[in-house]
Amino acid sequence: MEGDCLSCMKYLMFLFNFFIFLGGACLLGLGIWVIVDPTGFREIVAANPLLFTGAYIMLAMGAMLFLLGFLGCCGAIRENKCLLLFFFLFILLIFLAELSAAILAFIFRENLTREFFTKELKKHYQRNNDTDVFSSTWNSVMITFACCGVNGPEDFEDIRHLPYSSLEKTIPEACCQRELQSREGMFVNKEACLEGIERFQNRQGCYTVILNSFETYVYLAGALAIGVLAIELFAMIFAMCLFRGIQ
């Protein structure tokens with residue numbers, strides 16, 4: 001009976017990790033294709049900072065899942081205690097990292113308020129200075145989400161950091177409407193926007209826009225995170241049971 005249980009656990013673990021291996025291989029291949037594709041798709045992704053970052057995250061996740069699935073499959077089917085131990089330690093590290101991230105997110109949740117972002121924007125933002133990481137990041141966010149400031153254009157009324165265009169009365173050019181929401185997108189009417197004509201400006205604050213964009217995915221992400229943690233926990237238990245059962 002013990003041998004049958006061990007054999008069943010071995011093949012279940014192999015099947016489970018085989019699907020992880022296939023999923024990792026698909027993500028890895030897709031990530032590599034997006035980054036090195038010579039047909040022009042790479043330029044489209046590179047023009048959008050969120051897509052560009054997402055491509056590298058997809059590549060990293062694919063590589064991690066590919067390695068994890070490979071270790072689990074080989075360790076289970078070959079009944080290799082060394083590979084099973086590596087598999088267990090790898091999942092344990094991922095599990096602890098995810099748990100730490102969740103704890104840190106809970107501890108520092110107060111820092112994600114509208115007031116915090118507004119204060120930081122007014123303190124550090126330098127308009128069109130793309131050599132400054134903070135300003136460049138904010139400009140990319142405002143262009144990508146077609147928004148302006150944290151609450152709206154009024155956030156820039158007290159910001160006078162150089163450099164800025166002689167046309168700019170209050171808002172930076174990243175708040176101006178574009179035909180395509182990327183840095184390469186043509187302005188609808190840049191001069192009128194910077195002169196203060198509201199119909200050529202993005203008037204909605206980024207805090208509300210981003211919150212609305214991700215609100216529908218918060219519960220789904222939470223459920224997926226709990227599911228992933230549970231799967232990782234069971235995978236560690238199976239790996240240790242198989243490790244202890246191998247003579």
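Values below: every heavy atom of this structure, side chains too, minus hydrogens, waters and symmetry copies.
- The distance from the CG atom of Leu22 to the CG atom of Leu65 is 11.5 Å, given to the nearest 0.5 Å.
- The structure places CG of Leu121 at 14.0 Å from OH of Tyr207, a figure rounded to the nearest 0.5 Å.
- For the pair Asn139 (side chain) and Ala174 (backbone), a donor-acceptor distance under 3.5 Å is absent.
- Side-chain contact annotation: Thr118 with Asp155, donor-acceptor N/O pair under 3.5 Å absent.
- Both Leu92 and Leu85 belong to a common hydrophobic cluster when Ile, Leu, Val, Met, Phe, Trp and Tyr are linked at side-chain heavy-atom distances under 4.5 angstrom.
- Cluster membership for Phe90 and Leu96, using ILVMFWY side-chain heavy atoms within less than 4.5 angstrom, is shared.
- In the hydrophobic cluster analysis, where Ile, Leu, Val, Met, Phe, Trp and Tyr join through side-chain heavy atoms closer than 4.5 angstrom, Leu84 is grouped together with Leu233.
- Linking Ile, Leu, Val, Met, Phe, Trp and Tyr residues whenever their side-chain heavy atoms come within less than 4.5 Å places Phe95 and Leu67 in a single cluster.
- Residues Glu191 and Asn189 meet the side-chain proximity criterion, which asks for heavy atoms closer than 4.5 Å.
- Every residue two or more places apart in sequence or in another chain that forms a side-chain contact (heavy atoms from CB on, under 4.5 Å) with Thr208 is listed here: Arg114, Gln204, Asn212.
- Ring centroids of Phe156 and Tyr125 are separated by less than 6.0 Å, placing the two rings close together.
- Atom-to-atom distance recorded for Phe86:CZ and Cys74:SG is 13.0 Å, nearest 0.5 angstrom.
- For the pair Leu68/Phe87, a side-chain contact is recorded, criterion being any heavy-atom separation below 4.5 Å from C-beta on.
- Every residue two or more places apart in sequence or in another chain that forms a side-chain contact (heavy atoms from CB on, under 4.5 Å) with Phe14 is listed here: Cys73, Ala76, Ile77.
- At least one side-chain heavy atom of Val141 sits under 4.5 Å from a side-chain heavy atom of Ile210.
- Within 6.0 Å of CZ in Phe18 there are 12 or fewer heavy atoms belonging to other residues, nucleotides or ligands.
- For the disulfide bond (SG atoms under 2.5 Å apart) condition, the pairs that include at least one residue of residues 172-209, sequence neighbours left out, are Cys147-Cys206, Cys148-Cys175, Cys176-Cys193.
- With rounding to the nearest 0.5 angstrom, the CG atom of Leu28 is 10.0 Å from the CZ atom of Phe21.
- A distance-only check finds no donor-acceptor pair linking the side chain of Gln177 to the backbone of Val188 [under 3.5 Å].
- Sparse packing is recorded around CZ of Phe70, with 12 or fewer heavy atoms of other residues, nucleotides or ligands lying under 6.0 Å away.
- Atoms CZ and CD1, on Arg178 and Ile143 in that order, are 4.0 Å from each other to the nearest 0.5 Å.
- Taken from CD1 in Ile237 to CE in Met240, the straight-line distance is 11.0 Å, to the nearest 0.5 Å.
- Side-chain contact between Met142 and Asn202 is absent, with no heavy-atom pair separated by less than 4.5 Å.
- Clustering ILVMFWY residues whenever any of their side-chain heavy atoms sit less than 4.5 angstrom apart, transitively, puts Ile197 in a cluster other than the one holding Ile171.
- Note on ring orientation: taking the six-membered ring where Trp is involved, the planes of Trp138 and Phe134 are tilted (angle from 30° to 60°).
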